[in-house]
Amino acid sequence: LTQIAGYGEAAWHVDNRLTLTAGTRYFEYGRHVGGATPIALDLIGTRVAPYEKVQSSESGWISKFNASYKLNDDILFYAQASQGYRPGGVNQVVGLPTALSPYHSDSVWDYELGGKTSWFDGRLTLDVDGYLIDGRNMQVQGKTPNGAFLFISNAGAAQSKGIEIELAARPIAGLTIQANGAWSSNKLTKDQVSTNVFGPGVKGDRIPYTPDIMAGLSAQYLWPVADALDGFARADLNYVGSSYSEFLPAHPFYRKLP
């Protein structure tokens with residue numbers, strides 16, 4: 001695997017409150033895999049094949065845009081759109097047709113709108129963020145035509161949207177209380193229609209292993225014991241909502257995870 005990349009970013013301070021930022025990144029990668037099958041095995045449909053190389057390569061640009069507005073020293077609002085990707089590659093699977101060996105990158109656009117605030121001389125902070133993430137050309141698990149081996153393929157698209165809140169309070173010296181909560185909806189927006197995809201999902205299916213609700217609460221008290229020694233006591237509580245193990249309820253391994 002060979003990768004090269006270059007990145008640049010520029011910020012324009014329109015005034016002492018408004019800042020506009022734009023960035024871009026160029027990427028280029030190439031992945032090469034070689035192999036041979038010296039012994040055939042009828043049980044899984046493999047044939048004798050000489051050594052050959054298969055490659056997967058891609059290049060492109062990803063971007064980021066941000067606008068932040070500082071209402072005062074304690075309140076900041078921002079909006080951001082950013083793009084990301086995950087490199088593709090080559091499957092090294094015995095008996096896999098050459099056409100199915102390479103798989104491509106998948107990509108996302110992330111749109112965010114939020115605010116960061118501070119109150120009572122910093123003794124209370126509250127941050128809120130809403131987001132919408134669109135994913136395309138997803139890398140998903142496929143299977144060989146005979147069902148004997150699994151590999152990576154591209155199929156479908158998905159969308160994730162949600163709200164996140166974080167709160168931190170320091171009511172007295174040494175005591176810090178933190179709380180956070182998140183709600184999200186994560187679903188397919190395009191059918192996984194490839195005949196090579198294992199357990200394909202359809203538009204509207206909930207994405208596996210993604211809970212709708214998550215929350216956390218912690219409290220910590222710090223006190224001096226000696227000149228060079230502090231003591232602290234801490235308690236944490238975390239909640240993760242239920243999720244599911246597969247896209248399709250009819251799948252034999254579909255389970256609700258509490």
Side-chain angles (χ1 to χ4, degrees), residues 1 31 33 43-46 56 82-97 99-112 129-166 178-218 236-258:
L1 171 65
R31 190 186 296 267
V33 171
L43 179 64
I44 57 175
T46 61
S56 174
S82 57
Q83 189 180 18
Y85 84 105
R86 180 169 46 176
V90 180
N91 291 286
Q92 196 167 13
V93 177
V94 175
L96 185 66
L100 298 178
S101 293
Y103 59 93
H104 305 292
S105 66
D106 52 6
S107 62
V108 298
W109 268 105
D110 175 20
Y111 306 97
E112 298 181 38
D129 176 83
Y131 63 87
L132 173 67
I133 301 174
D134 280 319
R136 298 182 303 165
N137 204 33
M138 297 169 57
Q139 292 178 11
V140 296
Q141 192 176 74
K143 62 180 177 181
T144 53
N146 59 16
F149 296 104
L150 301 178
F151 65 99
I152 300 174
S153 184
N154 297 88
Q159 184 179 88
S160 176
K161 55 186 177 182
I163 299 174
E164 299 174 335
I165 300 175
E166 293 183 357
Q178 294 178 306
N180 63 80
W183 168 86
S184 65
S185 173
N186 309 277
K187 295 181 179 181
L188 290 179
T189 56
K190 185 178 179 181
D191 294 351
Q192 294 180 335
V193 295
S194 170
T195 56
N196 302 307
V197 173
F198 179 71
V202 297
K203 181 178 179 180
D205 280 352
R206 181 173 170 176
I207 298 175
Y209 302 103
T210 56
D212 287 344
I213 298 175
M214 298 179 67
L217 178 66
S218 69
D236 287 274
L237 176 67
N238 291 286
Y239 172 79
V240 178
S242 61
S243 60
Y244 296 88
S245 61
E246 303 290 341
F247 283 110
L248 300 177
H251 194 282
F253 297 119
Y254 185 86
R255 297 290 185 273
K256 182 178 182 179
L257 309 175

Of the non-hydrogen atoms in [X] and [Y], which two are nearest, and what is the gap between them?
X	Y	result
Gly204	Lys187	O-CD, 3.7 Å
Asp236	Ser218	OD1-CB, 3.1 Å
Gly88	Ser56	C-OG, 4.4 Å
Arg136	Asp106	O-CB, 3.4 Å
Ala158	Met138	CB-SD, 3.6 Å

Glu164 side chain reached by Trp183 side chain, heavy atoms, under 4.5 Å: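 Answer no - side chains too far apart.
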Side chain to side chain, Glu112 and Asp129, heavy atoms closer than 4.5 Å: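 With C-beta onward as the side chain, the pair touches.
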Partners of Tyr103 by ring pair (Phe, Tyr, Trp, His ring centres under 6.0 Å), sequence neighbours excluded?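 Partners of Tyr103 under the ring pair (Phe, Tyr, Trp, His ring centres under 6.0 Å) test: none.
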Would you list the atom pairs, donor with acceptor, under 3.5 Å between side chains in residues 209-217 and any protein atom, with sequence neighbours excluded?
{"residue": "Thr210", "atom": "OG1", "partner": "Ile207", "partner atom": "O", "Å": "2.6"}

Side chain of [X], backbone of [Y]: donor and acceptor closer than 3.5 Å?
X	Y	answer
Gln139	His104	yes
Gln192	Gly201	yes
Asn180	Ile165	no
Ser245	Arg255	yes

In terms of relative ring orientation, are Trp109 and Tyr111 parallel, tilted or perpendicular, with 30° and 60° separating the classes?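 Because their plane-to-plane angle is under 30°, the rings of Trp109 and Tyr111 count as parallel.
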Given the side-chain rings of Tyr254 and Tyr244, with only the six-membered ring counted for Trp, is the space between their centroids under 6.0 Å?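 Centroid separation for Tyr254 and Tyr244: below 6.0 Å.
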Residue Leu1 excluded, over 12 heavy atoms near CG under 6.0 Å: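 Atom CG in Leu1 is crowded, with more than 12 foreign heavy atoms closer than 6.0 Å.
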Approximate separation, where rounding is to 0.5 Å, of Leu188 CG and Lys203 NZ: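 Between atom CG of Leu188 and atom NZ of Lys203 there are 11.0 Å.
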Interatomic distance, Arg206 atom CZ to Ser243 atom OG [nearest 0.5 angstrom]: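 So the gap between those two atoms works out to 6.5 Å.
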Pair listing, side chain to side chain donor-acceptor pair (under 3.5 Å) test, anchored in residues 147-162, at least two apart: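 Listed by first then second residue: Asp134-Gln159, Ser160-Asn186.
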Check step by step if side-chain contact (heavy atoms from CB on, under 4.5 Å) holds for Val140 and Ile152. CA-CA 6 Å; Val140 296; Ile152 300 174; over 6 Å; no
